[in-house]
Number of protein chains: 2
Amino acid sequence: MPAEASSASPASPPLTERQEARRRRILHASAQLASRGGFDAVQMREVAESSQVALGTLYRYFPSKVHLLVATMQDQLEHMHGTLRKKPPQGETAAERVAETLMRAFRALQREPHLADAMVRALTFADRSVSPEVDQVSRQTTVIILDAMGLENPTPEQLSAVRVIEHTWHSALITWLSGRASIAQVKIDIETVCRLIDLTAPTDAS
Amino acid sequence: MPAEASSASPASPPLTERQEARRRRILHASAQLASRGGFDAVQMREVAESSQVALGTLYRYFPSKVHLLVATMQDQLEHMHGTLRKKPPQGETAAERVAETLMRAFRALQREPHLADAMVRALTFADRSVSPEVDQVSRQTTVIILDAMGLENPTPEQLSAVRVIEHTWHSALITWLSGRASIAQVKIDIETVCRLIDLTAPTDAS
DNA sequence: CGCTAATCTAGAACAAGTTTCAGACTTGAT
DNA sequence: ATCAAGTCTGAAACTTGTTCTAGATTAGCG
């Protein structure tokens, strides 16, 4: 991989050390509060206080609560990707490996359901003004799935399948978080959608 | 079908005529405002004024903005279902018919993108307190899809496929509404996910 | 060091969702 | 027709996201 800073903003003015530290404190406070009470518990004033930053500064770093939570998600996703890379999934087929990866991620989210709630709700509630950041999250997710599939050059068909998997992943997460689906159901649906991978694999007919 | 009032609440005290009229005025105002500026344009004070009802009354009928918008969605879904029933889709296979139905619904939403935005954002932003209503919307959607498939007794596998299709439907809609996906992409993804139907059809191996 | 521009802080102010309350109006039962 | 219970109204209050302002601090530079 190219030697590029792994984190965020492209071409924005580089942050000083103290600024980087502030940013980190804010994200930490955000995740902490979210872990307590989910989306509603992340109150901007509290985040500011908790990270020892003025409210105005918080808004300079993250122009809205949704921006903040989406950034928090990016942060967590990086962790997750790192963790997953260390122990690649074991399944025989691509579909199995993707399903395994997603269920692993799902179990990680289960451990902090409130945090998951905050991040996912922010992600789907985001409007156009947050598109770049949401897109970044989406790209990162795509990379994780393609990694699990072991693909370098996916066909357009496969990319569509991956998008559908991501859709299902987000939406299933939401139904679980709002208590409308059981974990078993989420598992089944993930496995179901992952069958699309085999279906779009350029194996015999091409 | 059983002779039951088609609309909402089970077992809640029956509404008087004037109350039914109020409810209707409120839903109308909600849809109207939503059609203008989407989620943000539906301001509770404006809805109240616009439907000639006191703010407190509005909150008695719909305990939150999200409840209101989800109810608006139920309302619109009923319309849609009626319309779709009149002209059933023409496709040969179940997958084609479902995809056609969804794309037809999608084009209907395209005509009122702001309204679609408001309803869908409310739907995915809804927390546990709105679960019953969201579930109702989900059931209604399921009925529409099963209708298009022409199925009476779906297998659990098929139900999972239908859920995945719904997930994809919602999520794809969101990415389109927030400008992160083109209409073409939505179409492709819908068609892709609909292939699951053939995959889970109990045709040969059972 | 001393200057300038940018950044940060504290706090007030504003906007919109939600709650509350006192009093007027409806409804249903007697 | 009358009373009690429930409902509706208008208005104020409260909460939390967001914006704004004036002054203090910091960073980069000569």
- Task: Please determine, by modelled atom types, if B:His167 and A:Ser171 share a side-chain donor-acceptor pair under 3.5 angstrom.
- Result: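 Their side chains do contain a donor-acceptor pair, which is all the 3.5 Å distance test asks for.
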- So, A:Thr192 versus B:Glu157: side-chain donor-acceptor pair below 3.5 Å or not?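 No, B:Glu157 and A:Thr192 have no side-chain donor paired with an acceptor closer than 3.5 Å.
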Tell me: [atom1] of [X] to [atom2] of [N], nearest whole Å?
X: A:Phe39; N: D:dT16; atom1: CZ; atom2: P; value: 13 Å
X: A:Phe62; N: D:dT19; atom1: CZ; atom2: P; value: 16 Å
X: B:Arg18; N: C:dG28; atom1: CZ; atom2: P; value: 11 Å
X: B:Glu17; N: D:dC8; atom1: CD; atom2: C1'; value: 18 Å
X: B:Arg23; N: D:dT7; atom1: CZ; atom2: P; value: 16 Å
X: A:Arg22; N: C:dA6; atom1: CZ; atom2: P; value: 17 Å
X: A:Lys65; N: D:dT19; atom1: NZ; atom2: P; value: 15 Å
X: B:Ile26; N: D:dC8; atom1: CD1; atom2: P; value: 9 Å

- Which ones in residues 42-61 of chain A lie close to DNA chain C, meaning a heavy atom under 4.0 Å from one of its atoms?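 A:Arg45, A:Gln52, A:Val53, A:Ala54, A:Thr57, A:Arg60, A:Tyr61 - these, ordered by number, are the residues of the stretch whose heavy atoms sit under 4.0 Å from the strand.
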Just distance, no hydrogens or angles: give the donor-acceptor pairs under 3.5 Å from side chains in residues 27-50 of chain A, sequence neighbours left out.
residue, atom, partner, partner atom, Å
A:Ser30, OG, A:Thr72, OG1, 2.9
A:Ser35, OG, A:Ala31, O, 2.8

- the helix from C:dC1-D:dG30 to C:dT30-D:dA1: angle between end helix axes, five pairs per end, rounded to 10 degrees: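 So the angle between the two local helix axes works out to 20°.
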- Message: Please find the pair of heavy atoms, one from B:Phe62 and one from B:Ala71, that lie closest to each other, and give the distance.
- Response: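 Taking B:Phe62 first and B:Ala71 second, the nearest heavy atoms are CE2-CB, 3.5 Å.
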- List the atom of A:Gln158, the atom of A:Thr200, and the distance in Å for their closest heavy-atom pair.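 In terms of heavy atoms, the two residues are closest at CG-O, 3.6 Å.
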- Earlier contact from the 5' end, DNA chain C, for B:Thr16 and B:Asp40: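 It is B:Asp40 whose nearest nucleotide is closer to the 5' end.
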- Message: Between B:Arg195 and B:Glu96, does any NZ, NE, NH1 or NH2 come within less than 4.0 Å of an OD or OE carboxylate oxygen?
- Response: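 Salt bridge: no.
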Quick check for you: to the nearest 0.5 Å, what is the distance between [X] atom [atom1] and [Y] atom [atom2]?
X: A:Asp127; Y: B:Arg121; atom1: CG; atom2: CZ; result: 5.0 Å
X: A:Glu100; Y: A:Cys194; atom1: CD; atom2: SG; result: 11.0 Å
X: A:His170; Y: B:Thr175; atom1: NE2; atom2: OG1; result: 11.0 Å

- Query: Is any side-chain N or O of A:Gln19 closer than 4.0 Å to OP1 or OP2 of D:dT26?
  - Reply: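 Looking at the OP1 and OP2 atoms of D:dT26, neither is under 4.0 Å from any side-chain N or O of A:Gln19.
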